[in-house]
2 protein chains.
Amino acid sequence: MQVKKSYREPTFRCSCAITSALDILGDKWALVIVKQMLFEGAETFKDFTESKERIATNILSSKLKFLEGLGIVLKSQKPGNKKTNYYHLTPKGIALTPVVVELALWSHENLRTLNPTIGDYEELENIKVNKEDYCKKLMEAYRKKRASL
Amino acid sequence: MQVKKSYREPTFRCSCAITSALDILGDKWALVIVKQMLFEGAETFKDFTESKERIATNILSSKLKFLEGLGIVLKSQKPGNKKTNYYHLTPKGIALTPVVVELALWSHENLRTLNPTIGDYEELENIKVNKEDYCKKLMEAYRKKRASL
DNA sequence: TAAAATAACTTGCAAAATGCAAGTAATATT
DNA sequence: AATATTACTTGCATTTTGCAAGTTATTTTA
């Protein structure tokens, strides 16, 4: 019996590192999901569906499986609860922090005329002067929070 | 008479800066095109179609128009040639350099097991220790090259 | 402990994006 | 004048995404 998978296997267009990253992350949802975990504390399936992006459950389900299959996301069961699953970033997923932060910076500086609903974020100037440090702290904070489960 | 556009207008899912960036860049091609301009000297329609990613001409055409409409790419005519067009990154497009560089770094460290054709790139360790400087130099080099047309 | 609520899905179908092959139109070259 | 080149467009098949409505297995509440 054949099992129909709801998510695709990754295929790589060529040997370019950047293109290969986009073979995996180049869609509307993958990095949004990573962002929700990293910045917004999303952990459970429900957390994601309730976010302001309103991801559809079928897409969410298949993307989480896809990212899990790649070792970017790890699925585990909430202790003492057989129903609720936890989704967390693996080190490979946490390593995407600088990518997401750079997108945020670019967006704030270049997209606010196109999407005026993007707010002015004071802290941004401070982040800009030491991105490295900011990312490191963010990643450390995520790791810590995860470890304390 | 109605003009059928081959490219979509950008629509923003919400007020999140990161999600908004992905509303524009979250697909298989946008950042590949930016990369080709930034790192591989792609300037003309032909340059893009001959790249190793083998982008289809209809996709290329619509993506270039889309990016042009957003002020990320600027189209101009090659001097003394009425046929060939030049496509270049605007400051808004050049500002994507750090995003692309972070993708490259992440890919080299996390994707080489999945796509072994991604080569080992010695210089990468040096780039890692001073990303800021590397990006600045890259952007400056691109600007210079563009100015000398 | 039966009924209701919740979490994490799956399925079906419509719409949009992408991919491929084959055009076309306007230059440029021979 | 004939051929080649560049920058496209068009049509159609495939894949991905979006939306609404299920389904199943656990909790929770009355």
Side-chain angles (χ1 to χ4, degrees), chain A residues 2-14 19 22-33 36 42-68 73-88, chain B residues 1-14 19 22-33 36 42-68 73 75-88:
Chain A
Q2 205 168 340
V3 178
K4 195 178 151 195
K5 287 194 181 178
S6 57
Y7 53 97
R8 67 176 167 82
E9 291 298 315
T11 53
F12 294 105
R13 282 170 280 188
C14 60
T19 303
L22 294 167
D23 285 329
I24 285 174
L25 305 167
D27 67 30
K28 293 241 159 302
W29 293 110
L31 287 175
V32 167
I33 289 170
Q36 292 178 348
E43 288 180 322
T44 64
F45 197 89
K46 201 174 180 253
D47 291 340
F48 294 107
T49 61
E50 284 174 348
S51 71
K52 54 192 175 317
E53 281 90 359
R54 312 256 58 174
I55 183 166
T57 56
N58 57 342
I59 308 281
L60 176 59
S61 175
S62 88
K63 283 289 160 201
L64 284 173
K65 273 176 195 151
F66 178 65
L67 294 172
E68 194 192 350
V73 161
L74 185 73
K75 180 180 179 173
S76 58
Q77 211 153 72
K78 185 167 172 173
N81 187 323
K82 281 180 198 158
K83 187 167 50 171
T84 306
N85 294 318
Y86 268 150
Y87 297 94
H88 288 114
Chain B
M1 193 170 69
Q2 204 169 338
V3 178
K4 194 179 152 195
K5 286 193 181 176
S6 56
Y7 54 98
R8 68 179 167 80
E9 292 297 316
T11 53
F12 295 104
R13 280 170 280 187
C14 60
T19 303
L22 294 167
D23 285 329
I24 286 174
L25 305 168
D27 67 29
K28 293 241 160 300
W29 293 110
L31 287 174
V32 167
I33 289 170
Q36 290 177 349
E43 288 181 321
T44 64
F45 197 89
K46 200 175 180 252
D47 291 339
F48 294 107
T49 60
E50 285 175 347
S51 70
K52 55 191 172 316
E53 281 91 358
R54 312 254 59 173
I55 183 165
T57 56
N58 57 341
I59 306 282
L60 176 60
S61 175
S62 87
K63 283 290 160 198
L64 285 172
K65 273 174 194 152
F66 177 65
L67 295 172
E68 194 192 351
V73 161
K75 180 181 180 173
S76 58
Q77 211 154 72
K78 185 168 173 173
N81 187 323
K82 281 178 198 158
K83 186 168 51 172
T84 306
N85 294 318
Y86 268 152
Y87 297 94
H88 288 113

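Predicted, not measured: the structure shown is a model, and the values here were computed from it. Convention: sequence-line order gives letters A, B, ...; per-chain numbering from 1.
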* Asked: With a non-hydrogen cut-off below 4.0 angstrom, is Lys75(B) in contact with a base, only sugar-phosphate, or nothing?
  -> sugar-phosphate
* **Shortest non-hydrogen contact from Arg54(A) toward Glu50(A)** => NH2-CA, 3.8 Å
* His88(A) to Glu43(A) - nearest heavy-atom pair and separation -> NE2-OE2, 3.1 Å
* Does Thr84(A) have any side chain to side chain donor-acceptor pair (under 3.5 Å) partners at least two apart in sequence or in another chain, and if so, which? -> Asn81(A)
* **Spacing between Tyr87(A) atom OH and dA7(C) atom C1', to the nearest angstrom** => 9 Å
* What string of B, S and - do you get for nucleotides 18-23 of chain C 5' to 3' if you count protein non-hydrogen atoms under 4.0 Å? -> SBB-B-
Between protein and nucleotides 26-30 of chain C, what N or O pairs are separated by less than 3.5 Å?
from    : atom 1 : to       : atom 2 : distance (Å)
dT27(C) : O2     : Lys83(B) : NZ     : 3.2
dA28(C) : OP1    : Lys82(B) : N      : 2.3

* To do: State, to 0.1 Å, how close Gln36(B) and Ser51(B) come at their nearest heavy-atom pair, and which atoms those are.
  => NE2-OG, 2.9 Å
* Asked: Roughly how many Å is it from CD in Glu53(A) to P in dT17(D), rounded to a whole number?
  -> 16 Å
* Structure fact -> Here the distance between atom P of dA16(C) and atom CZ of Phe66(B), to the nearest Å, is 15 Å
* Asked: Over how many whole Å does the gap from Phe48(A) atom CZ to dA8(C) atom P extend?
  -> 10 Å
* Select base, sugar-phosphate, or nothing to describe what Thr49(B) touches, counting heavy atoms under 4.0 Å on all strands. => nothing
* To do: Examine dT26(D): is either OP1 or OP2 under 4.0 Å from a nitrogen or oxygen in the side chain of Lys46(A)? Give yes or no.
  => no
* Asked: What's the CD-P distance between Glu9(A) and dT15(D), to the nearest Å?
  -> 15 Å
* Mind calculating the distance between OH (Tyr86(A)) and P (dA7(C)) to the nearest angstrom? => 12 Å
* To do: Please report the shortest heavy-atom distance between Lys63(B) and Ile33(B), naming the atom on each side.
  => CB-CD1, 3.7 Å
* To do: Find the distance Leu64(A):CG to dA7(C):P and express it as a whole number of Å.
  => 15 Å
* **Check: Asp23(A) side chain, Pro10(A) main-chain N or O, donor-acceptor pair, under 3.5 Å** => no
* Does a side-chain heavy-atom distance below 4.5 Å link Leu60(A) with Phe45(A)? -> yes
* To do: Grab the CZ-P distance between Phe45(A) and dA25(D) for me, whole Å please.
  => 17 Å
* To do: Please state whether the phosphate of dA8(C), meaning OP1 or OP2, lies under 4.0 angstrom from any side-chain nitrogen or oxygen of Lys65(A).
  => no
* **Atom pair CZ (Phe48(B)) and CD1 (Ile55(B)), whose distance is rounded to the nearest 0.5 Å** => 8.5 Å
* Donor-acceptor side-chain pairing of Asp47(B) and Thr44(B) below 3.5 angstrom -> yes
